[in-house]
Chemist: 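Got a structure for you, written out below as structure tokens; questions coming shortly.
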Amino acid sequence: MKCLVTGPGGYIGGRLVPELLDAGYAVRCLARTPAHLRDHPWAGRVEVVRGDVRDADSLRPALREVDVAYYLVHSMTSGRDFEETDRLAARTFAAEARAAGVRRIVYLGGLTPAGIPDDELSTHLRSRAEVGRILLASGVPTTVLRAAVVVGSGSASFEMLRYLTERLPVMVTPSWVSTRVQPIAVRDVLRYLVGSARMPADVNRSFDIGGPDVLTYRQMMERYAQVARLPRRLILPVPMLTPGLSSHWIGLVTPVPAALARPLAESLRYEVVCAEHDIARHVPDPPGAPLPFDRALALALQRVRDAQVVTRWSSAALPGAPSDPLPTDPDWAGGSLYTDERERDVEAEPEALWRVIEGIGGQNGWYSFPLAWAVRGWLDRVVGGAGLRRGRRDAARLRVGDALDFWRVEEIERGSMLRLRAEMRLPGKAWLEMYAERDGDGRSRYRQRALFHPRGLAGQLYWWSVAPFHAVVFGGMARRIARTAEEGTGKAGEEAVERRR
């Protein structure tokens, strides 16, 4: 059987692909930027096609000869019109799947509260439910899996829970901490997704999926503190904290930005508990499954501590982030392009220099003027950007498409070049390139280039307002990276490699 996976670069999609391969399926991945998948460990075992679920012309070749199509995309952070975007994308995908003769669609949606009319639901839950209905009405047998909080290393829900509990021994919280939800371990979500591929043709319905525990968010935080061996947390609910205020509060405390935190916080206003467990008729639960909440937490924490987080909530690109054409492409569109270039000779082997370059960001920081980077990250969070708190997926290695604080890895030439594309809020597009080279005399050289393509007058003013600080920020970065390579003090990546061994 051949499966098409949409959203293979996302949190669930990036984990589902290897599970399908291990189950013996042929896998085709639909990606808007296929290059972003090339460094995944499973990349050589799949077929990758360029396309978009909103573009019927690109969907036709992607769906050709496909037996099962996994719909794992949503637009909940793409702006106020994301409901319409999701609606049109689902209709396009449904129509093309039916025309291509696809035998089954599998969709991972959200668990909605019983007895609440759609017009009273949060926009996030309402949109996820509508997408499910559109796919069920497609004429293609469809499985809609409805989950509440997904617990796994790197999931947005887990990161919210982890950072809130670890950073705040005393918490003033919204009233939704008393709402009951039914969390589910990510490995059980993946098991149900893989198993859904074999459902009989007459099955066309939704299934509620959840773990064995029904808990309030307050209980989840208390249980997290116990599993993580933290002192008991004092939690004080305050009714006046609205979802909007809650999202900003979450955005300040956790790496999850307010734009993503808001739909999650809105969803937590409702009691979301499974009404049935019919999925077990078609995908039987093995002994010990679904995983209890505490066990799911322990596994997720162990993955984080061992630096083995396969995908993170930040794996998917931010909507509206700058993309091609690159200023280094031969067909670049042109216009103003400002650059800041630095070079340093390094008394160390290029391999040592590369380890420092690839280990940049996250806990290692950016090697210059920490206060300036912290302020820039804070300002970015204030205006709804990613800020510096996304950190890194892996302390030692980067791959194309990885989020790295408020940058994203655009290109890697392993051992020699790293190009980052800015995802901070800017009046233009920005890139940062770092090179580890060997000159004609056999000496190592570090080369660094920052590029900015301004958008309008605001972009021009932005560049010239920050230009006076470049000598401190970019010049300091070049000096510190070279010195760190010479001193051999870039240990975070080496320690992560040792832990994995």
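Remember, predicted model here, so these are calculated numbers, not experimental data. Note: hydrogens, waters and symmetry copies are ignored here, and every other heavy atom, side chains too, is used.
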Chemist: Any side-chain heavy atom of Leu16 within less than 4.5 Å of one from Val194?
Modeler: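 Touching, per the 4.5 Å side-chain cut-off.
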Chemist: Any idea which heavy atoms bring Val309 and Ser153 closest together, and the distance?
Modeler: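 Here Val309 and Ser153 meet closest at CG1-O, 3.9 Å.
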Chemist: Within this structure, what is the CD1-OH distance for the pair Ile134 and Tyr107, rounded to the nearest 0.5 Å?
Modeler: 9.0 Å
Chemist: Shortest non-hydrogen contact from Pro8 to Leu30?
Modeler: CD-O, 3.0 Å
Chemist: Between the side chains of Asp285 and His277, does any donor sit under 3.5 Å from an acceptor?
Modeler: yes
Chemist: Rounded to the nearest 0.5 Å, what separation is found between the CG atom of Leu164 and the OH atom of Tyr217?
Modeler: 5.5 Å
Chemist: Does any part of the side chain of Leu108, heavy atoms only, come nearer than 4.5 Å to the side chain of Val189, both counted from C-beta?
Modeler: yes
Chemist: Identify which one of Glu166, Arg162, Arg233 satisfies the side-chain hydrogen bond (donor to acceptor under 3.5 Å, both in side chains) criterion when paired with Tyr224.
Modeler: Glu166
Chemist: Would you find a donor on one side and an acceptor on the other, under 3.5 Å apart, between the side chain of Glu410 and the backbone of Val400?
Modeler: no
Chemist: Using the rule given for side-chain contact (heavy atoms from CB on, under 4.5 Å), can you reason through Arg392 versus Gln363, listing the C-alpha separation, both sets of side-chain angles and the distance that settles it, and then say yes or no?
Modeler: CA-CA 8 Å; Arg392 297 171 55 108; Gln363 292 184 350; over 6 Å; no
Chemist: With heavy-atom distances below 4.5 Å as the criterion, would you say the side chains of Val68 and Val102 are in contact?
Modeler: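 No, every pair of side-chain atoms sits at 4.5 Å or beyond.
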Chemist: Just by distance, do the side chain of Asp405 and the backbone of Gly391 share a donor-acceptor pair under 3.5 Å?
Modeler: yes
Chemist: Working to the nearest 0.5 Å, report the span between CG of Leu193 and CD1 of Ile12.
Modeler: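 Going from the CG atom of Leu193 to the CD1 atom of Ile12 covers 7.0 Å.
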Chemist: Using atom types as modelled and distance alone, determine if a side-chain donor or acceptor of Tyr270 lies under 3.5 Å from a backbone N or O of Ala114.
Modeler: no
Chemist: Just by distance, with hydrogens left out, do Arg15 and Thr311 show a side-chain donor and acceptor under 3.5 Å apart?
Modeler: yes
Chemist: With side-chain contact (heavy atoms from CB on, under 4.5 Å) as the test, would you mind laying out the steps for Val149 and Ile184 before giving the verdict?
Modeler: CA-CA 6 Å; Val149 172; Ile184 182 171; over 6 Å; no
Chemist: CD/Glu96 to CG/Asp55 distance, rounded to the nearest 0.5 angstrom?
Modeler: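 That separation rounds to 9.0 Å.
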Chemist: Grab the two heavy atoms, one from Arg98 and one from Ser138, that are nearest each other, plus how far apart they are.
Modeler: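 The pair with the smallest heavy-atom distance is NH1-O, 2.6 Å.
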Chemist: Any non-hydrogen side-chain atom of Val131 less than 4.5 Å from a side-chain atom of Tyr71?
Modeler: yes
Chemist: Roughly how far apart are Ser196 OG and His282 NE2, rounded to 0.5 Å?
Modeler: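 One finds 9.0 Å between OG of Ser196 and NE2 of His282.
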Chemist: Can a side-chain donor-acceptor contact be found between Arg104 and Thr143 if the only test is distance below 3.5 angstrom?
Modeler: yes
Chemist: Any side-chain donor-acceptor pair under 3.5 Å between Ser127 and Asp86?
Modeler: yes
Chemist: May I ask you to test the Arg419-Trp431 pair for a side-chain heavy-atom distance under 4.5 Å?
Modeler: yes
Chemist: Can you tell me how far apart CG (Leu37) and CZ (Arg399) are? Round to the nearest 0.5 Å.
Modeler: 9.5 Å
Chemist: Measure the shortest side-chain to side-chain distance between Arg91 and Arg54 over non-hydrogen atoms and say whether it is less than 4.5 angstrom.
Modeler: no
Chemist: Dump the intermediate steps for salt bridge (Lys or Arg N to Asp or Glu O under 4.0 Å) on Asp394 and Arg397, then the final yes or no.
Modeler: CA-CA 6 Å; Asp394 186 301; Arg397 286 179 67 85; over 6 Å; no
Chemist: Are the side chain of Asn204 and the backbone of Thr142 linked by a donor-acceptor contact shorter than 3.5 Å?
Modeler: yes
Chemist: I'd like to know whether Glu358 forms a salt bridge (Lys or Arg N to Asp or Glu O under 4.0 Å) with Arg414, so could you lay out the CA-CA distance, the side-chain angles of the two residues, the decisive distance to 0.1 Å, and finally the verdict.
Modeler: CA-CA 9 Å; Glu358 194 174 11; Arg414 192 74 58 189; 2.4 Å; yes
Chemist: Could you tell me whether the side chain of Arg28 reaches within less than 4.5 Å of the side chain of Lys2, counting heavy atoms only?
Modeler: yes
Chemist: Verify the neighbour count for atom CZ of Arg87: are there more than 12 heavy atoms of other residues, nucleotides or ligands below 6.0 Å?
Modeler: yes
Chemist: With side-chain contact (heavy atoms from CB on, under 4.5 Å) as the criterion, how do Cys29 and Val27 come out once you've worked through the C-alpha distance, each side chain's angles and the decisive distance to 0.1 Å?
Modeler: CA-CA 7 Å; Cys29 295; Val27 178; 4.1 Å; yes
Chemist: Does NZ or CZ of Arg205 lie under 6.0 Å from the centre of the six-membered ring of Phe207, at an angle within 45° of the ring axis?
Modeler: yes
Chemist: If the threshold is 4.0 Å, N to carboxylate O, is there a salt bridge linking Lys429 and Glu423?
Modeler: no
Chemist: Please report the closest heavy-atom contact between Val49 and Ala62, naming both atoms and the distance.
Modeler: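 Nearest pair, atom of Val49 first, then Ala62: CG2-CB, 3.7 Å.
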Chemist: Compare every heavy atom of Ala300 with every heavy atom of Gly152, then report the nearest pair and how far apart it is.
Modeler: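 Heavy-atom minimum between the residues: C-CB, 3.8 Å.
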Chemist: Do Glu19 and Trp42 make a side-chain contact, defined as non-hydrogen atoms from C-beta onward lying under 4.5 Å apart?
Modeler: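 A side-chain contact is absent here, since even the closest heavy-atom pair is not under 4.5 Å.
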Chemist: Counting only heavy atoms not in Glu84, do more than 12 fall under 6.0 Å of its CD?
Modeler: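 Above 12, so yes.
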Chemist: With a sphere of 6.0 Å drawn around CZ of Arg295, does it hold more than 12 non-hydrogen atoms of other residues, nucleotides or ligands?
Modeler: no
Chemist: Which heavy atom of Arg146 sits nearest to which heavy atom of Leu111, and what is that distance?
Modeler: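 Closest approach of Arg146 to Leu111, heavy atoms only: NH2-CD1, 3.7 Å.
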